Amino acid sequence: MKKSLSKKMTKLALALTLTAGAFGALTPHHVFAAETTDIKVTIESYKYTQDELDGLDYLNAVRTKVGLSKVKLDPYLIKAAQNHAKYLFTNTVSLFELHDEVPGNSGFTGVTPADRANFVGASGYDHVGEAIFMGNGTIITGVRSLIEVPYHRMTLISPNLTSIGLAKEGGSVVGSLGNEKGNSSVTVYPYDGQKNVPVAFPGGEVPNPLEQFGVERSGFIISYQQKDLGSNPSFSLKDSKGNDVPVFSESNQMYSPDALLLIPKENLKYSETYTATVNNKSWSFTTINDRVNNDLASVLSDEPIGKYSEDNIGLRFNRSYVDLMGHRMKMVNGTLFMPITGVFSGLFKAIGADVQLGNIGPYAYTETTSIATNFDLAKAWVRTDDPYREREVELSAPPFKDEDGLVYFPVRLFFETLGATVTYDDKSFVMSINFSKTKDSEPTKPEVNQFPTSPVKLDIPSNYLKITDQMKDLKGHWAAKEIAWAISKNITQGYPDNTFRPDQPVTEAEFLAFLFRALKSDTTGLDLQQHLHWADGLYNIGARYQLPIPGYYDLKARETKLTRTRVAEIITAVDGFVYQGDDAIQYLLSKGYSVGKTAPTVEGYHGNDKLTRAETVKFLLTIMTTGLTELK
């Protein structure tokens, strides 16, 4: 079964990486008359689609983590991209001529990307580039796939990229790239602290960076971009034990002359942290945790895949968001259904299971469990390894076919029966499927309390009144002793005006500061310096432990006031589990990490209330005295 999965997913990866890129100066060119009429745009009339906005948001999330400024959408570049995407859809074009248009062909608007940008009225750029993805999926699928291949990645995370136009037509996604000279930022990918990095590069990019070395596959390719890099930069790649990893190197490519590629000669190891060094800059990243997930690497992401809603429900699988490749889950009578094809079938195989379509409905099976459904009945039948023990399960709706003929089956039934924890957050519109263990693999994140450390004791300093008296607003406060304890342990401090502001809501960034000072954490190899925000170092720690904090990619989110529900979700992640909403609250109550605000119930927890600074101290003290004292 695993062998067939590997073949299937490898074919998918090849389809996703048939890409091409080109740059051209934005200067006047002769443009032949086009056959269509709706090929120009005026900026006043243009409205962005959600697909375009989602693609931009995903790209900017990556650029933010890389340390670059965000790019913006340009309606003129969007129109240039739309025109070329339609041209590719209408005409037969070879993979090596994707960036060229032939005068006289249907939809022709210019020979080069710069010609096509000029034609629709784009101006003000030193260079216009183009990146093209050929394959199924949304604009986000195209952006993600282009970032995974080195030549095209460097065009999207270029310091000089300021504006972009994104368009999809048929089986292609086109990006028109507006560049301005002068940015000297150093950019690397995988970025510092990145998790779930694929172990291999399967080839397939056009042009192919491996061809010059006479190999068909390599380890995942690392890119480094720096203005005036020089012709002979020093470099190394080492594993966590300090061993050198043999690499091919390539610099002075036509796509980015101030760039260096490190191409590992062999696949990287799983669950390994690597440190790359170019000249005097070093950074680290960690690979994915098992072979099965590597086969799915082309559809897994650390970032949300677009904007989720009731009509576009997101999916997380073992902590990674899943690119559904243009398919969508559907809610029917309170039951969430997913299609049986493509990515979804791959998720089953990733846990050592198979899902197929029978004459009367879909069914799934492993070596020990089988599940059968019927199109006409809202029921399912589950058998374990004992064939005579079968149980019947009631469904709110039976499996069904949609208008396109896709067969949908109930998510929760199939995955929970096979051993997953399945939760749905109706606020973020995300369904989470988490297997603490996948077949032949270790947990995706160690459970902190698997080997509990000794609980801390509330050791109130004898001079706590002296400590609290230094704060103007702590005298007589209900949490004065606890706050004195936290100050004495350097978990928190007051403000320069000698106030603590105990009843002020805590922000996401502030909560992380409290949390990481209270719980021991490994910061080896992490950049803890301030770059864009005072809490940059804290978010690098959070990324290492895969905590669910939106501030990774959204600086505004760092200053949002945390609700008690969000705090519950973060703490359950610290403890090694993925729960959301009421499920996260229930987990805290069951572990004794909280007794609620007014009662030890979900309602008594008051998840919508904001958590104050004083309550944060009390909260951390409670979980530490219960036994959660260290991040692992």
Side-chain angles (χ1 to χ4, degrees), residues 12 49-51 53-55 57-58 136-141 144 168 296 299-301 303-318 320-351 353-364 371-382 393-418 420-435 578 580-583:
L12 173 62
T49 68
Q50 191 60 54
D51 205 17
L53 293 170
D54 286 347
D57 288 346
Y58 185 86
N136 295 321
T138 61
I139 286 179
I140 286 184
T141 301
R144 292 187 57 243
K168 174 177 169 54
L296 288 170
V299 296
L300 300 180
S301 170
E303 310 293 347
I305 311 297
K307 185 176 182 180
Y308 300 131
S309 65
E310 291 180 351
D311 299 320
N312 183 30
I313 295 170
L315 177 63
R316 292 187 76 195
F317 181 79
N318 283 354
S320 295
Y321 290 93
V322 180
D323 185 346
L324 301 182
M325 307 288 288
H327 295 305
R328 291 191 175 186
M329 296 188 287
K330 296 184 179 183
M331 187 74 74
V332 179
N333 297 330
T335 298
L336 194 58
F337 287 79
M338 62 168 56
I340 197 172
T341 56
V343 172
F344 302 96
S345 180
L347 295 178
F348 273 94
K349 292 183 184 298
I351 60 170
D354 200 358
V355 60
Q356 297 185 11
L357 179 62
N359 292 329
I360 61 173
Y363 63 94
I371 313 162
T373 55
N374 189 302
F375 284 126
D376 300 321
L377 297 174
K379 292 183 180 181
W381 295 266
V382 178
V393 179
E394 295 288 339
L395 305 176
S396 61
F400 63 91
K401 292 183 181 181
D402 70 0
E403 59 276 8
D404 297 320
L406 287 178
V407 175
Y408 284 76
F409 60 92
V411 181
R412 187 181 297 273
L413 166 71
F414 279 73
F415 282 102
E416 281 189 344
T417 302
L418 297 177
T421 300
V422 181
T423 59
Y424 176 66
D425 185 353
D426 59 5
K427 298 181 179 65
S428 63
F429 304 106
V430 173
M431 169 69 77
S432 296
I433 301 171
N434 185 54
F435 286 83
V578 180
Q580 296 177 329
D582 290 350
D583 292 328

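Since the structure is predicted, the reported quantities are computational estimates derived from the model, not experimental observations.
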Identify, with sequence neighbours excluded, every residue that meets side-chain hydrogen bond (donor to acceptor under 3.5 Å, both in side chains) alongside [X].
{"X": "Tyr408", "answer": "none"}
{"X": "Thr417", "answer": "none"}
{"X": "Asp425", "answer": "Ser428"}
{"X": "Gln356", "answer": "Asp354, Tyr363, Tyr365"}

Straight-line distance of [X] [atom1] to [Y] [atom2], nearest 0.5 Å:
{"X": "Thr421", "Y": "Asp583", "atom1": "OG1", "atom2": "CG", "answer": "9.0 Å"}
{"X": "Glu416", "Y": "Ile371", "atom1": "CD", "atom2": "CD1", "answer": "10.5 Å"}
{"X": "Ile140", "Y": "Tyr58", "atom1": "CD1", "atom2": "OH", "answer": "8.0 Å"}
{"X": "Leu324", "Y": "Thr141", "atom1": "CG", "atom2": "OG1", "answer": "8.5 Å"}
{"X": "Met431", "Y": "Arg412", "atom1": "CE", "atom2": "CZ", "answer": "5.0 Å"}
{"X": "Phe337", "Y": "Leu395", "atom1": "CZ", "atom2": "CG", "answer": "6.5 Å"}

Any side-chain heavy-atom pair of Phe400 and Val332 under 4.5 Å =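 Yes; the side chains approach each other to less than 4.5 Å.
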Taking the side chain as C-beta and beyond, is there a heavy-atom pair between Met329 and Val411 under 4.5 Å?
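Met329 vs Val411: side chains touch.
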Could you tell me whether the side chain of Arg328 and the main chain of Asp311 form a donor-acceptor pair under 3.5 Å?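 Yes, Arg328 side chain to Asp311 backbone: donor-acceptor pair under 3.5 Å.
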Quiz item: For Thr423, does its backbone N or O pair with a side-chain atom of Ser432 as donor and acceptor, under 3.5 Å?
Solution: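 No; zero donor-acceptor contacts below 3.5 Å.
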| query | Excluding sequence neighbours, so at least two apart, what forms salt bridge (charged side-chain N to carboxylate O under 4.0 Å, His left out) with Asp426? | reply |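 Salt bridge (charged side-chain N to carboxylate O under 4.0 Å, His left out) list for Asp426, sorted by chain: empty.
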>> Tell me every residue that passes salt bridge (charged side-chain N to carboxylate O under 4.0 Å, His left out) with Lys427, counting only those two or more places apart in sequence or in another chain.
In response: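 Counting only residues at least two positions away or on another chain, Lys427 forms no salt bridge (charged side-chain N to carboxylate O under 4.0 Å, His left out).
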Which heavy atom of [X] sits nearest to which heavy atom of [Y], and what is that distance?
{"X": "Ala353", "Y": "Leu418", "result": "CB-CD1, 3.9 Å"}
{"X": "Leu336", "Y": "Met331", "result": "N-SD, 3.7 Å"}
{"X": "Asp54", "Y": "Gly306", "result": "CG-CA, 3.5 Å"}

Run the side-chain contact (heavy atoms from CB on, under 4.5 Å) test against [X] and tell me which residues pass, sequence neighbours left out.
{"X": "Pro398", "result": "Ala378"}
{"X": "Asn333", "result": "Ser396, Ala397"}
{"X": "Tyr308", "result": "Pro304, Ile305, Asn312, Tyr321, Phe429, Val430"}
{"X": "Asn374", "result": "Ile360, Asp376, Leu377, Trp381"}

Evaluate Leu315 against Val343 for side-chain contact (heavy atoms from CB on, under 4.5 Å), listing each step before the verdict.
CA-CA 11 Å; Leu315 177 63; Val343 172; 6.0 Å; no
Query raised in the report: Should Asp402 and Lys330 count as an ion pair when the cut-off is N to O under 4.0 Å?
Result: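 Salt bridge between Asp402 and Lys330, a charged N being under 4.0 Å from a carboxylate O: yes.
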Between Asp323 and Arg144, is there a side-chain N and carboxylate O pair less than 4.0 Å apart?
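Result for this pair is yes, salt bridge flagged.
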For Glu394, look at atom CD and say whether over 12 heavy atoms of other residues, nucleotides or ligands are found less than 6.0 Å away.
->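 Atom CD in Glu394 is crowded, with more than 12 foreign heavy atoms closer than 6.0 Å.
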Practice task
Go through the structure and list residues passing ring pair (Phe, Tyr, Trp, His ring centres under 6.0 Å) with Phe409, not counting sequence neighbours.
Solution key: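 If we apply the ring pair (Phe, Tyr, Trp, His ring centres under 6.0 Å) test to Phe409, skipping adjacent residues, the hits are Phe348, Phe414.
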